[in-house]
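Here the structure comes first, spelled out in C-alpha cells, and everything after it is commentary.
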Amino acid sequence: MGLIVAALIGFTVVFLVLQWASSRGTSVPAPLVVPILLLVGAVVVLALGWRVRQLVRGRGTMDAIAAARVAALAVTAALVGAAMVGAGAAQIAAVAAVADAPAARRDLLVGSATLVAALLCVAAGLLVQHWCRVPDDPDDPRGSGRRGGPPADPA
C-alpha cells in the first residue's frame with residue numbers, strides 16, 4: 001500500500017509541476033541523470049543485500065547493525081523507486097500529447113527510462129528486503145517454527 005501511495009504522490013507532484021510550467025510557457029526538461037542514478041542505486045542495494053543474504057545463510061560475516069542498515073536501505077530504495085515510477089509516468093503523461101516535437105520525444109524517452117529504472121529500483125528493494133528476513137529458529141519453544149503471530153499454545 002505504501003508503494004502505491006508513494007507512486008501516486010510522485011505522479012501528482014511531478015504532473016502538476018509540469019502542467020504549471022507548461023501553462024507559463026516554459027518547459028522542464030527531463031534530466032537524463034535520474035534513470036542512471038536509479039540504476040546505480042539498485043545495483044548498490046543488490047550488492048549490499050547479497051552480503052546480508054550470505055550472512056543469513058551462514059556463509060558470510062557482517063555486523064548485525066550493518067545488516068539492519070541494509071534492510072533499511074532496501075525499504076528506502078523501494079519507496080524512492082515507487083515515487084520515481086510515478087514521476088516517470090507523469091513525465092510520459094505530460095509530453096504524450098505533443099510527442100511529435102523533438103524536445104518532447106527526448107523527454108518521452110527519458111521519462112520511459114526513468115519509469116523502467118524506477119521499477120528496477122523497486123524490485124531490487126523488495127528483493128533485498130526478502131533476503132534480509134531471518135528464518136525462525138525451529139528449536140525455539142516460543143516460536144514453534146512458525147512465521148509471525150504469537151507463539152503456539154503448548155496445551
What about [X] and [Y], same hydrophobic cluster or not, with Ile/Leu/Val/Met/Phe/Trp/Tyr joined at side-chain heavy-atom distances under 4.5 Å?
X: Trp50; Y: Val45; result: yes
X: Met62; Y: Leu127; result: yes
X: Val85; Y: Phe11; result: no
X: Leu38; Y: Leu119; result: no
X: Val52; Y: Leu73; result: yes

How close do [X] and [Y] get, heavy atom to heavy atom, and via which atoms?
X: Ala87; Y: Val14; answer: CB-CG2, 3.6 Å
X: Ala117; Y: Pro35; answer: CB-O, 3.5 Å
X: Gly125; Y: Ala77; answer: CA-CB, 4.3 Å
X: Ala82; Y: Ala6; answer: CB-CB, 4.0 Å
X: Cys121; Y: Ala42; answer: CA-CB, 3.9 Å

Heavy-atom distance under 4.5 Å between the side chains of Leu46 and Trp131, does that happen here?
yes
Can you confirm whether Gln91 sits close enough to Thr114 that some side-chain heavy atom of one is under 4.5 Å from a side-chain heavy atom of the other?
no
With sequence neighbours excluded, residues passing ring-ring contact (aromatic ring centres under 6.0 Å, His included) with Trp20
none
Carefully, step by step, assess Val128 and Leu48 under the rule side-chain contact (heavy atoms from CB on, under 4.5 Å).
CA-CA 8 Å; Val128 170; Leu48 293 172; over 6 Å; no
Would you say CZ of Arg69 has more than 12 non-hydrogen atoms from neighbouring residues, nucleotides or ligands within 6.0 angstrom?
no
Do other residues, nucleotides or ligands put more than 12 heavy atoms under 6.0 Å from Ile36 CD1?
yes
Test item: Asp107 side-chain N/O and Ala30 main-chain N/O as donor-acceptor pair under 3.5 Å:
yes
Between Leu55 and Thr61, is the side-chain contact (heavy atoms from CB on, under 4.5 Å) condition met? List the steps.
CA-CA 6 Å; Leu55 173 70; Thr61 60; 5.6 Å; no
Calculate, to the nearest 0.5 Å, the distance between atoms CD and CZ belonging to Gln54 and Arg59 respectively.
5.5 Å
Derivation of the side-chain contact (heavy atoms from CB on, under 4.5 Å) call for Leu115 and Ile92:
CA-CA 9 Å; Leu115 182 68; Ile92 293 167; 4.0 Å; yes
Go through the structure and list residues passing side-chain contact (heavy atoms from CB on, under 4.5 Å) with Leu126, not counting sequence neighbours.
Leu3, Ala78, Val122, Gln129
Check each of Val28, Val13, Val95 against Leu18 using the side chain to side chain contact (heavy atoms under 4.5 Å, CB included) test, and report the only one that passes.
Val28
